[in-house]
Number of protein chains: 2
Amino acid sequence: MSISLGKDRPREAGRGIPGATVARLPVYHRVLVALSEAGVQTVSSEALAAKCGVSSAKFRKDLSYLGSYGTRGVGYDVSYLTFHISRELGSSQPWGVVIVGVGNLGRALISYRGFTSRGFAIVGLIDKHPDVVGEGLAVSELETSVALKVSPLADLEQIVVGTKAQIGVIATPADCAQGVCDRLVASGIRSILNFAPVVLEVPDGVEVRKVDLAVELQILAFHEQRRGYEQEAMNA
Amino acid sequence: MSISLGKDRPREAGRGIPGATVARLPVYHRVLVALSEAGVQTVSSEALAAKCGVSSAKFRKDLSYLGSYGTRGVGYDVSYLTFHISRELGSSQPWGVVIVGVGNLGRALISYRGFTSRGFAIVGLIDKHPDVVGEGLAVSELETSVALKVSPLADLEQIVVGTKAQIGVIATPADCAQGVCDRLVASGIRSILNFAPVVLEVPDGVEVRKVDLAVELQILAFHEQRRGYEQEAMNA
DNA sequence: TTATGTGAAGTCGTTCACAGCC
DNA sequence: GGCTGTGAACGACTTCACATAA
């Protein structure tokens, strides 16, 4: 819809990068950072792709959507490539994340190290239960860690607006999820990560990604079952 | 590496359900169960697909891989369809799940209701840390709930074999994940759900699904960033 | 008439294979 | 010689549109 020219911004970012490629970029980025920390300076598509669990052709094709950041006959400069993928992903600027639901899952997210290193900052914690509200939880921030207090559900809008958060994480039980979602959207949030096992309804322009733990297990079970049948067939 | 069957790739004609379809079946199943609990007996592909967040054409195409369980001009019988999807997913038989790593994430999985209703039973909890080992945690089971004790990492093989678990969940920090994975595989596990932010290496015949919380956020951030540029362009 | 089930067409994503550059 | 970058071929998934059955 919009044609954006001029200015220095990530190459032909946005337009034309397939969703499947976008979903792999974070993995490439993580592996590159690990290589860099191990002192590796140059890497071939073959070696890097192997560490990422993809084919080298797929890796090179993915990179071709961002630009040409390699050197033929040599490979890729680790830090140079890291920088460009990082920029494409937008992890150069810090994204504010609000977590709604401070149960075990919420706490797992809060204690998850590496959010900050990947450009995220947890700026708000919200819960419904009075015995959790007011609790101070350690949230990592750049070098140090800060105690963030859990706010009541009633303050949701105020927290989102006040912290200028861009991403909302729903870690509540299923029956609260749609209500929380509606309020996040009304407060201006357009990116939501949903852990509740419900299909959320949102207006156009809002993106929802979902992670359903039981669904993942069910997919595994499907294949497990099929392997069982194959083995039976072999024994017959 | 790979156990070669007599024939080549194209396994069993007629039984080739696309991966994308398999990934949606659990959602259809969940929505159908909810409808059933709400007392709905019959539903059209249009209505059901809307509740699942997919198009009706996609829904019908997905079902066509399983068989024809609808009635033209009428729709689908909720319980009849539920049964067939359930059967396809293998949730009629209970799958044994071992969880390695009893931190916040592990606890979130343990307290996740609805595992049992979808055909999973948590049969083992394993952790490395002495202060967690021995702790009794409430695990739901059919009607009641049972206290399951956390076992030490050293007992992993014994637990997997003793409980006949089929699925292993890795909820450990990244640096332990590959080691745990190797031991799960060596104990006979062929289906693994990995929450650690590493690419696991496994032999052929073992399926790994991964859930990386930071990756999901990074994908959201990519699109968030893109929207920002679009808005800038509009203001220019 | 209504709503399913499905070939056919279209879109998206992956793999191949090799030209181009170091 | 070695490795990247990429059109072209291939395959997977989605959407369309309608024949089919209640």
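So you know, we letter chains A, B, ... as the sequences are listed, proteins then strands, and number each from 1.
Residue A:S55 is in sugar-phosphate contact alone, with no base atom involved, counting any heavy-atom pair closer than 4.0 Å across all strands shown. If you check every strand for non-hydrogen atoms under 4.0 Å, B:F59 touches nothing.
For A:A20, taking side-chain heavy atoms from C-beta onward, the closest of the listed nucleotides C:dT4, C:dG13, D:dT4 is C:dG13. Side-chain atoms of A:Y76 lie closest to D:dG5 of the nucleotides D:dA22, D:dG5, D:dT15.
Using the six-membered ring where Trp is involved, A:Y80 and A:Y69 have ring planes that are perpendicular, over 60° apart on the 30 and 60° scheme.
Distance A:D62 CG to D:dT4 C1': 14 Å, rounded to the nearest Å. Atom CZ of A:R72 is separated from atom P of D:dT4 by 10 Å (rounded to the nearest Å). Rounded to whole Å, atom P of C:dT4 lies 13 Å from atom OH of B:Y28. In this structure, the CG atom of A:L63 is 9 Å from the P atom of D:dT4, given to the nearest Å. Taking atom NE2 of residue A:H84 and atom P of nucleotide D:dT4, one finds them 16 Å apart after rounding to whole Å. Spacing between atom CZ of A:R60 and atom P of C:dC18 amounts to 14 Å, rounded to whole angstrom units. A:K58 places its NZ atom 18 Å from the C1' atom of D:dG5, with the value rounded to the nearest Å. One atom, CG of B:L48, and another, C1' of C:dG5, lie 16 Å apart when rounded to the nearest Å.
Contact between the side-chain N/O atoms of B:K61 and the OP1/OP2 oxygens of D:dT14 is not found at any separation under 4.0 Å. Under 4.0 angstrom from either OP1 or OP2 of C:dT4 there lies at least one side-chain N or O belonging to B:S45. Side-chain N/O atoms of B:S68 include none lying less than 4.0 angstrom from OP1 or OP2 on C:dT4. For the OP1/OP2 pair of C:dT14 and a distance below 4.0 Å, the side-chain nitrogens and oxygens of A:R24 include at least one atom meeting the criterion.
The only option from A:V100, A:V123, A:L184 that meets the side chain to side chain contact (heavy atoms under 4.5 Å, CB included) definition with A:V160 turns out to be A:L184.
When all heavy atoms are compared, the tightest approach of A:L89 to B:Q225 is C-NE2, 4.0 Å.
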- prompt: Yes or no on side-chain contact (heavy atoms from CB on, under 4.5 Å) for A:V169 and A:F195, after CA distance, side-chain angles and deciding distance?
  reply: CA-CA 8 Å; A:V169 175; A:F195 287 93; 3.7 Å; yes
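Less than 6.0 angstrom separates the ring centroid of A:Y76 from the ring centroid of A:F59.
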